[in-house]
S.K.: 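Can you read through this structure? Questions will come right after.
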Protein chains: 2
Amino acid sequence: MATSVQLSPGRSTAMRKPKAPEANRARILAAAVAEFASRGYDGASMDAIAARTNTTRAMINYYFRGKEPLYLAVLERVYADIREAESGLDVENLEPVEAIRRIVEFTYDYYVDHEDFVRLVVAENQAKGRHMKRSHALRTVNRPIVEMLGRVIARGQARGDFRADADPIDVHMAIAALGMFNVTNQYTFGSLFQRPMGAKGDVDRRRAMVADIILQWLGPQPAG
Amino acid sequence: MATSVQLSPGRSTAMRKPKAPEANRARILAAAVAEFASRGYDGASMDAIAARTNTTRAMINYYFRGKEPLYLAVLERVYADIREAESGLDVENLEPVEAIRRIVEFTYDYYVDHEDFVRLVVAENQAKGRHMKRSHALRTVNRPIVEMLGRVIARGQARGDFRADADPIDVHMAIAALGMFNVTNQYTFGSLFQRPMGAKGDVDRRRAMVADIILQWLGPQPAG
DNA sequence: AGCGAACTTAACAAGGTCGTCAATTCCCGG
DNA sequence: CCGGGAATTGACGACCTTGTTAAGTTCGCT
């Protein structure tokens with residue numbers, strides 16, 4: 001909408017902080033995360049982001065260089081966040097089965113608690129990874145968690161807990177698929193029998209269910 | 001005011017269409033499916049749809065009543081398609097384990113072969129089911145497949161093939177989650193180790209994998 | 001204090017989108 | 001042949017979007 005805000009010079013704006021370079025940047029980025037996650041790339045409006053931050057569209061273009069670079073910064077930000085959260089996982093000292101269970105539960109909870117992240121990932125996939133291709137940093141985000149899984153699986157195989165042909169990437173994919181579906185498809189799927197999903201659903205039960213599915217599958221005996 | 005799909009009131013052999021009303025309607029709808037699936041609701045352009053059909057935007061608004069009603073018609077169309085395809089599944093005469101395997105394989109293949117459907121479902125979920133709520137027909141689309149699953153699972157439980165607490169909705173959710181993930185997340189996930197997914201991935205291997213996961217989970221012994 | 005640079009604001013221009021309306025063509029039945 | 005209504009066209013108006021630019025403000029440093 002046409003911003004027809006007329007304010008006398010020296011009134012309310014005078015009380016504003018003199019300078020806030022990095023703080024403003026961070027605030028804009030946070031608002032952009034919310035807006036892009038909520039409305040997608042096309043649906044998101046620079047004015048809406050500006051409105052969330054008490055700044056103007058021109059200022060956003062001053063800090064970032066436009067809509068697309070801002071969106072890329074958003075993607076890199078949320079991916080960096082989950083990577084850091086994953087790094088806090090300490091599973092090397094757990095027995096393989098418990099380690100897998102912890103990884104599954106962490107991943108499941110992270111998706112439930114960070115719906116913005118999930119929505120951004122989905123949006124980027126809907127865009128066929130168009131923007132992601134331009135960021136080299138986003139190419140290897142999944143590697144740490146897969147390597148962690150690989151070490152745990154190898155330990156489990158050495159003990160005979162897991163089947164010999166278990167593949168870390170397949171396992172990660174199954175975990176992510178089952179964990180994300182609750183969040184991503186909660187509207188079309190939840191309409192079925194009014195069964196709530198996502199954060200409002202039966203989180204505890206479903207989290208245990210996903211862990212059971214993965215562990216049953218990883219078990220030593222191949223499919224009969 | 002017959003705004004909805006109202007055909008000729010009586011079936012008369014002599015009655016003929018003045019021009020090409022239904023043919024154009026169908027062509028517009030098909031183009032709209034492709035455009036909405038490709039670019040999402042906001043990203044889709046009515047002019048682009050018109051361009052795909054050698055017609056004009058005004059004509060689309062003549063047949064349908066605007067962008068949103070058209071989008072709803074698209075949703076109802078693709079959901080009707082999958083429901084009809086599912087109805088062709090004949091699993092009542094199969095043994096429970098084989099029946100589950102067939103259902104999984106059908107669902108998996110349908111997603112791979114109908115990426116448009118999957119993308120539309122994802123888009124609608126990203127929109128928080130905004131448009132879907134207005135269509136009463138879309139409220140019960142998942143019911144047939146879940147009921148089919150319920151009958152198969154009940155048979156399997158009676159034989160002792162499946163665990164007693166298996167829930168059809170949970171099973172359907174797991175199948176859908178694993179099947180959709182390949183298609184929906186192929187870009188962000190496929191970038192990992194350049195492992196192709198979706199229709200270009202190792203379809204046969206992954207399809208069998210999903211069936212194994214489901215059947216292992218359904219197996220009679222609970223998680224040990 | 002004064003200067004340069006960072007920061008902020010308001011306004012503009014170009015482009016794109018959608019829905020509608022009056023006018024026109026086309027076909028069919030009388 | 002001709003009226004009438006369905007089908008189709010072109011054009012208009014209102015709205016929203018983004019990026020830029022020129023002017024103003026504030027700050028840090030010398």
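Just so it is clear: chains get the letters A, B, ... in the order the sequence lines come, proteins before strands, and each one is counted from 1.
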S.K.: Among the nucleotides dT17(C), dT8(C), dT8(D), which one has an atom lying closest to any side-chain atom of N24(A)?
M.R.: dT8(C)
S.K.: Please classify the nucleic acid contact of A44(A) as base, sugar-phosphate, or nothing, using heavy-atom distances under 4.0 Å.
M.R.: sugar-phosphate
S.K.: Can you sort out the partners of N125(B) under side chain to side chain donor-acceptor pair (under 3.5 Å), two or more places apart, ordered by chain and number?
M.R.: T188(A)
S.K.: Identify the pairs formed between an N or O of the protein and an N or O of nucleotides 20-24 of chain C at a distance under 3.5 Å, and give each distance.
M.R.:
none

S.K.: Expressed as a whole number of angstroms, how long is the span from I60(B):CD1 to dT8(D):P?
M.R.: 12 Å
S.K.: For E35(B) and dT17(C), give me the distance from atom CD to atom C1', rounded to whole Å.
M.R.: 13 Å
S.K.: D42(A) CG to dG15(C) P: how many Å, rounded?
M.R.: 19 Å
S.K.: If I take atom CG in residue D47(B) and atom P in nucleotide dT9(D), what distance separates them, rounded to the nearest angstrom?
M.R.: 14 Å
S.K.: List in chain and number order the residues that pass ring-ring contact (aromatic ring centres under 6.0 Å, His included) with F181(A), two or more places apart in sequence or in another chain; answer none if no residue qualifies.
M.R.: F189(A)
S.K.: Among residues at least two apart in sequence or on other chains, which ones pass side chain to side chain donor-acceptor pair (under 3.5 Å) with R130(A)?
M.R.: none
S.K.: Is R207(A) salt-bridged to D204(A), cutoff N-O under 4.0 Å?
M.R.: yes
S.K.: Whole Å only: how far is the CG atom of L70(A) from the P atom of dT17(D)?
M.R.: 16 Å
S.K.: Are OP1 or OP2 of dC7(C) and a side-chain N or O of Y62(A) less than 4.0 angstrom apart?
M.R.: yes
S.K.: So, does E124(B) use its side chain to make a donor-acceptor pair with the main chain of M132(B) at under 3.5 Å?
M.R.: yes
S.K.: Whole angstroms only, please: what is the CZ-C1' distance between R39(A) and dC16(D)?
M.R.: 13 Å
S.K.: Which nucleotide sits closest to the side chain of M46(A): dG19(D), dC7(C), dC18(C)?
M.R.: dG19(D)
S.K.: Strictly below 4.0 Å: does S45(B) bring a side-chain N or O up to OP1 or OP2 of dT17(C)?
M.R.: yes
S.K.: So, using ring-ring contact (aromatic ring centres under 6.0 Å, His included) as the criterion, who are the partners of F106(B) when residues are at least two apart?
M.R.: Y110(B)
S.K.: Quick one: ring-ring contact (aromatic ring centres under 6.0 Å, His included) partners of F64(A), sequence neighbours excluded?
M.R.: none
S.K.: Just the rounded figure in Å: distance from P of dA6(D) to CE of M59(B).
M.R.: 16 Å
S.K.: Measure OH/Y41(A) against P/dT17(D) and give the value in whole Å, please.
M.R.: 14 Å
